[in-house]
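Below is one structure, written out as structure tokens; comments come after it.
Heavy atoms only: backbone and side chains are in, while hydrogens, waters and symmetry mates are out. Both ligands and their constituent atoms are indexed starting at 1 by order of listing.
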Amino acid sequence: MLEQLNGHDDPHPVYERIRARGPLTRLGGQWVTTSHALANTILRDRRFGVRFADGTYPGTPNPVSESFLELDPPDHTRLRRLATPAFGPRRIDGYRPRVEKIADALLDRVDGEFDLMTDFATPLPIAVISELLGIPDADTGDFANYGRLVAESFDGRTTDAANRAIDRISALFERLIAERRANPGDDVISSLVAAEQDRKLTVPEALSTLTLLLIAGFETTVNLIGNGVRALLDHPAQWAFFKAHDGIAPDVVEETLRWAPPVHLTTRLAHEPVSLLGRDIGVDDGVCLLLAAANRDPEVYPEPERFDLMRVRKPEHLAFSSGIHYCLGATLARLEGEVALRAVARRLPDLRQAGPVTYRESVVIRGMASFPVSRS
Ligand code: HEM
């Protein structure tokens with residue numbers, strides 16, 4: 001069933017067919033869950049990890065397969081700890097004026113018909129994460145393409161173009177690491193260089209950490225912004241309400257993350273035999289956690305298929321996962337989403353869709369490739 005999915009079609013009918021088979025079902029050689037409670041439990045259960053029990057990587061290597069996203073403790077703990085200070089809530093809130101400036105500068109440039117993805121949703125998170133990592137403007141131009149190519153390699157499609165993109169990102173970071181060694185600053189690259197000099201991580205680990213932060217930092221947020229604007233335009237009464245009360249921007253972000261999450265699924269592997277709901281999961285068995293389906297679990301959210309900014313009962317969705325791999329950039333992503341959606345509501349109140357959208361290929365990272373809109 002899951003192999004029927006592509007990046008274009010609405011996957012929720014397939015998720016509902018899987019839900020009908022029960023909270024934990026076997027499908028195409030792996031376990032699958034659509035249940036919010038069960039997905040949350042597995043993500044927090046230390047008997048599961050992201051590698052095989054012997055520590056080997058389970059898939060085709062990709063640019064972040066050696067990063068802490070794809071590592072179990074103790075390496076995960078050590079490397080995540082080194083990146084964490086840059087993403088704390090106080091530090092991130094200090095970025096708000098910068099993010100607002102970036103959003104405004106991008107909207108200053110749009111006129112008449114434009115592509116919301118190319119002209120706004122993509123460049124905003126790229127500018128933000130580049131600044132946070134200390135990447136000079138001159139190097140950010142090609143990132144949108146790189147990111148897309150690298151993200152496609154997460155689906156197991158590694159092309160020559162993707163490999164070239166990965167090489168260029170590595171070369172850029174190698175150069176920046178050398179520069180910061182000579183001339184340390186107040187950015188993430190400098191703090192990783194200092195940690196490397198204290199032998200807390202190796203140079204390859206610093207490189208994969210930076211690649212993870214770069215890719216995770218914009219490949220997902222672009223779709224939070226795109227999916228959020230689309231959901232609003234498709235629900236005119238809620239769009240009107242938001243324009244009149246833009247203080248609810250954080251609620252718009254949370255409902256978008258629940259209803260149209262940028263990341264649809266993740267996988268965990270059992271490190272030891274585990275019994276759950278009367279089913280026996282063997283060592284190294286994979287469990288696919290359908291985060292997007294868990295976010296529409298009717299046991300948790302009444303009328304889950306409705307995009308509804310006025311939800312009263314709203315336990316946290318799983319768009320940022322859960323447990324030890326809970327998204328390190330969640331505070332930053334929420335800030336960017338809030339600023340971007342509020343800026344659109346204030347500055348483009350007459351925004352409307354101006355043509356058919358196209359979708360990205362990926363089934364894991366869901367979003368639009370293009371979204372033609374008109375500001376009047
Ligand atoms: C709306 C935007 C975003 C979404 C939906 C999102 C989603 C996710 C998800 C689902 C995971 C966990 C995957 C798993 O459990 O296997 C994750 C991990 C991660 N995210 Fe995000 N993310 C977003 C934005 C960001 C941003 C802006 C950054 C900043 C650099 C970031 C950095 C990371 C990192 C470093 C991890 C790995 C955490 C770990 O393994 O401990 N993300 N993200």
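Which parts of ligand 1 touch Leu212 is read off a 4.0 Å heavy-atom cut-off, strictly below it: atoms 35 (C). Under a 4.0 Å criterion applied to the non-hydrogen atoms of Ile129, ligand 1 contributes the atoms 30 (C). Heavy-atom proximity to Leu224, at under 4.0 Å, picks out these atoms of ligand 1: 1 (C). Near Arg80, meaning under 4.0 Å from one of its heavy atoms, ligand 1 places the atoms 38 (C), 39 (C), 41 (O). Less than 4.0 angstrom separates some heavy atom of Ile324 from each of these atoms of ligand 1: 41 (O). Of all atoms in ligand 1, numbered sequentially from 1 with element shown, those under 4.0 Å from a heavy atom of His76 are 39 (C), 40 (O), 41 (O). Residue-ligand proximity, Phe87 to ligand 1, at heavy-atom distances under 4.0 Å covers atoms 29 (C), 30 (C).
A heavy-atom separation below 4.0 Å is not found between Glu70 and ligand 1. Heavy-atom separations between Ala319 and ligand 1 include at least one value shorter than 4.0 Å. The shell of residues lying under 4.0 angstrom from ligand 1, judged by heavy atoms, includes Arg268.
The shortest distance between side-chain heavy atoms of Ile42 and Leu289 falls below 4.5 Å. Residues Phe120 and Val229 have side chains not in contact (no heavy-atom distance under 4.5 Å, counting atoms from C-beta outward).
Taking the ring centroids of Tyr15 and His264, they lie under the 6.0 Å cut-off. Between His12 and Trp259, the ring center distance fails the sub-6.0 Å criterion.
If you look at atom 21 (Fe) of ligand 1, the protein N, O or S atoms less than 2.8 Å from it are Cys327 SG.
Residue, atom and distance of the protein heavy atom nearest to atom 16 (O) of ligand 1 are Thr266 OG1, 2.6 Å. Shortest contact from atom 13 (C) of ligand 1 to any protein heavy atom: Leu69 CD1, 3.9 Å. Looking at atom 40 (O) of ligand 1, its nearest protein heavy atom turns out to be His325 ND1, 2.6 Å.
Around CG of Asp186, the count of heavy atoms belonging to other residues, nucleotides or ligands within 6.0 Å does not exceed 12. For Arg347, the CZ atom is densely surrounded, since the number of other residues' heavy atoms within 6.0 Å is greater than 12. The number of heavy atoms from other shown groups lying within 6.0 Å of CD (Glu299) does not exceed 12.
For Tyr359, there are no ring-ring contact (aromatic ring centres under 6.0 Å, His included) partners at least two apart in sequence or on another chain.
Of the listed options Leu213, Leu335, Asn227, Leu213 places a heavy atom closest to atom 30 (C) of ligand 1.
Considering backbone and side-chain atoms alike, Thr221 places every N or O at 3.5 Å or more from each N or O of ligand 1.
Under 3.5 Å, the side chains of Ser170 and Arg168 contain no donor-acceptor pair of N or O atoms.
Here the CD-CG distance, from Glu338 to Asp251, works out to 9.5 Å after rounding to the nearest 0.5 Å. The distance from the CD1 atom of Ile177 to the CZ atom of Arg180 is 10.0 Å, given to the nearest 0.5 Å.
Taking the charged nitrogens against the carboxylate oxygens, Glu316 and Arg334 do have a contact shorter than 4.0 Å, which makes a salt bridge.
The side-chain tip of Arg51 does not point at the ring of Tyr57 from less than 6.0 angstrom away and within 45° of straight on.
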